[in-house]
There are 2 protein chains.
Amino acid sequence: MATIEDVAKYAGLSRTTVSRVINNQPYVCDEKRERVFHAMQELGYVPNSSARRLRNQKTETIAIVLPRITNPFYSKLVEVMEKKASWWGYQVIICQTYHCAQKELHYLELLRKKQVDGLVMVAIQNEWTKVEEYIHAGPIVICNESIEEANTVIVGIDQQQAAYDATVHLIEQGCRRLAFISGEENSNLVQARYTGYMKALQEHHIPSMDDPIFHEAVDVESGQTILGKVVHMNNRIDGIFAGCDEVAAGIVYAAMKQGIRVPEDLAVVGFHNDTISRLMNPAITTIEVPIVEMAEKSIEQLIRSIEQPLRNKRESYQFAHTLLKRDSTNKRITVPM
Amino acid sequence: MATIEDVAKYAGLSRTTVSRVINNQPYVCDEKRERVFHAMQELGYVPNSSARRLRNQKTETIAIVLPRITNPFYSKLVEVMEKKASWWGYQVIICQTYHCAQKELHYLELLRKKQVDGLVMVAIQNEWTKVEEYIHAGPIVICNESIEEANTVIVGIDQQQAAYDATVHLIEQGCRRLAFISGEENSNLVQARYTGYMKALQEHHIPSMDDPIFHEAVDVESGQTILGKVVHMNNRIDGIFAGCDEVAAGIVYAAMKQGIRVPEDLAVVGFHNDTISRLMNPAITTIEVPIVEMAEKSIEQLIRSIEQPLRNKRESYQFAHTLLKRDSTNKRITVPM
DNA sequence: TTGTAAGCGTTATCAC
DNA sequence: GTGATAACGCTTACAA
């Protein structure tokens, strides 16, 4: 591989001049500039990224930390984030934690190793205090999580309100024996939603059918499994708030298989408005989240923090969600074919 | 940020000794090793990745080039690849081309800039000859594409055979007016499948209903759109081979909406066995692809090529696919509730 | 066993 | 305008 030195020699000039041309700085006469271009062409020269990173103390790379990329919600966030980051000239490293705190810390180390200039956390596995320690190693943006005490940029929606809205909707549809189904019992995200859910229940004087088994649901399969358990409970549940559309879809699918009618016997609300919620039959009522806006804002703010490091100040961007009412909760009207 | 120099000074030792401890090499007595550990602890030292990369001429990073991460097939591939790569201590950069050849070249440059040690291409947008030029800058593994002339590692299934199997199945179910629907008309992948599709048609003396509009289908929406067009064609199509399950799902969904019965009026086969194909009602017949095996093999081979650079030799790993027969093609039996 | 010093490929500073 | 030269932080001959 040709180095800047080789180019300089070939062109009969100094490394400095070549460097100036590469970074198209002024103070190089046209003739020499041309000679440099020619030499670069001839030698097939490409600036070495590692050397640049070392010299400039900048990697132009960011990391996105998330549970698993196959969850459509995360994958959509990543799609938009990568696009945006790429537009700004940044590479994106993807970091799957599989909900493992240890793995998350491993990826956070990227910041201390200076392997990335900053990172976005979509979901958080560790105590915030643990994560916070990394913030002095580089900017961290939190996307879609609710950490009250985080002194950093935090982008998301009002999770509590969203869960409240969904739950009230279930109640208005006539549901009286509700269940709250989610992943990651102790995450802040789930806590916030649970608070909203309970608030709705209390306001309507409805007891919760909540149960520990309902806290491990992260995909279609777990949705199916949970429906199996729900069926065997004494007090037949008639309304479910699910933490994501995959789980909701699994529930609806399994319900139909078992002859449990949705929404007549069981109404279901999901979260995120993933494609699947729209395509299921019946279509699943869900909370629409402004993914594109959230993703873009996250990247925008992360890059701003990278390029002009200043504060460690909380900065919160909250976007609006929407309850999309579909057939999986529509007890009033017969589902049209 | 503390450097190795700082640690050395603090411990009253040389950079060399510290380096030895960091890379746990021999020839450091326990006492000094301990002193180094202590100093590192005390100063919160973390080795600088950029410096290491420059010195070692190695990045321990790979790139995955694909169209869009939101396609569940790609996202599943990436999930497994990242997991495997991470296990080997490699970071993964994700590169979305959006089917744009220019963007692909931009990402291939990562190899020449030495920003990654190697890359996996899932789908290819440029002429192979164009891509081939990058191969001397670092190893490239091709996953799920069929490039006959590629002298590199290539992992996949027999696309032609898979399309053939799917088409024969449609014909056996009684379909006589078939259509082939795919993205990327001129990709090698689509060409291979089309060959298999046509082979099945010819063997059964059936003319193709093929049409140019059927070559832009990459997601659910395009599937829906295409169904709209199919409906208005003179010669009513009764069987569709779709290049991926998203498109198939869009078609099935739109068909049901319009009162076209699947499979009675229109049978549909998809590709990849994505979750959605299983959850749709009717469930969609599809080609199951051994994603995990393909992804793992790709990473395995890429890392092998990185760690012991040798040949530019073609090396092909072909896995078995399976036709999963489901209700979207089951014309014989009434769909059970 | 330990340390000295060279060098990985850049870019910024400063002198000419 | 142009070019030495000194870093950036690390590893590895080679010496001691």
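None of the values given here were measured: they were computed from a predicted structure. Note: hydrogens, waters and symmetry copies are ignored here, and every other heavy atom, side chains too, is used. A, B, ... follow the sequence lines: proteins, then strands. Residue 1 opens every chain.
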message = I want to verify a distance call: between D:dG9, C:dT10, D:dC10, whose nearest atom is closest to the B:I4 side chain?
response = D:dC10
request  = For B:E31, answer base if it contacts any base atom (sugar-phosphate contacts may also be present), sugar-phosphate if it contacts only those atoms, and nothing otherwise; contact means non-hydrogen atoms under 4.0 Å.
outcome  = nothing
ask   = Mapping B:V28 and A:L54 to their closest nucleotides on DNA chain C, which lands nearer the 5' end?
value = B:V28
request  = Provide, to the nearest angstrom, the distance between the CD1 atom belonging to B:I22 and the P atom belonging to D:dG9.
outcome  = 13 Å
key: Whole-Å gap separating C1' (C:dT10) and CD (A:Q25)   = 12 Å
key: B:F73 backbone acceptor or donor facing B:S75 side chain under 3.5 Å   = no
inquiry  = If I take atom CG in residue B:N24 and atom P in nucleotide D:dT11, what distance separates them, rounded to the nearest angstrom?
reply    = 12 Å
Side chain to side chain contact (heavy atoms under 4.5 Å, CB included), paired with B:L302, selected from B:V153, B:V141, B:V155 = B:V141
message = Can you tell me if A:Q57 touches the phosphate of D:dA7, counting only side-chain N or O atoms and a distance under 4.0 Å to OP1 or OP2?
response = no
ask   = Is there a donor-acceptor pair under 3.5 Å between the side chain of A:D117 and the backbone N or O of A:K58?
value = no
ask   = Base, sugar-phosphate alone, or nothing: which one does B:P26 contact when heavy atoms must sit under 4.0 Å apart?
value = nothing
note = Looking only at heavy atoms, the pair that brings A:A8 and A:S14 closest together is CB-C, 3.7 Å
Between A:S19 and A:T16, a side-chain donor and acceptor under 3.5 Å = no
query = To the nearest 10 degrees, what angle separates the axes at the start and end of the helix from C:dT1-D:dA16 to C:dC16-D:dG1, five pairs each?
reply = 40°
message = Could you tell me how far apart A:K58 (NZ) and D:dC8 (C1') are, to the nearest whole angstrom?
response = 16 Å
query = Between B:R20 and B:R15, is there a donor-acceptor pair closer than 3.5 Å when you use the side chain of the first and the backbone of the second?
reply = no
query = Run the salt bridge (charged side-chain N to carboxylate O under 4.0 Å, His left out) check on A:K297 and A:E293 step by step: do they pass?
reply = CA-CA 6 Å; A:K297 178 60 89 179; A:E293 288 81 351; over 6 Å; no
request  = Kindly say if A:Y27 contacts the phosphate of C:dC16, meaning a side-chain N or O under 4.0 Å from OP1 or OP2.
outcome  = no
message = If the cut-off is 4.0 Å, is A:N23 near the phosphate of C:dT11, judged by side-chain N/O to OP1 or OP2?
response = yes
remark   = In terms of heavy-atom contacts, A:A85 and A:I62 come closest through CB-CD1, 4.0 Å
task = Starting from C1' on D:dT2, measure out to CZ on A:R35 and report it in whole angstrom.
result = 11 Å
remark   = Regarding the side chain of B:R55, the nearest nucleotide among C:dT10, D:dT12, D:dG1 is D:dT12
query = To the nearest angstrom, how far is A:D6 atom CG from C:dG7 atom P?
reply = 15 Å
Spacing of B:E5 atom CD relative to C:dA5 atom P, expressed in whole Å = 13 Å
message = Are there over 12 heavy-atom neighbours, none belonging to B:Q41, within less than 6.0 Å of that residue's CD?
response = no
task = List in numerical order all residues of residues 13-21 of chain B for which some heavy atom is under 4.0 Å away from an atom belonging to DNA chain C.
result = B:L13, B:S14, B:R15, B:T16, B:T17, B:R20
Taking every non-hydrogen atom, the tightest pair across A:I157 and A:M294 = CG2-SD, 3.9 Å
key: Distance, rounded to the nearest Å, where B:R52 contributes CZ and C:dT10 contributes P   = 22 Å
note = Of the candidates C:dT11, C:dT2, C:dC8, the side chain of B:K32 sits closest to C:dT2
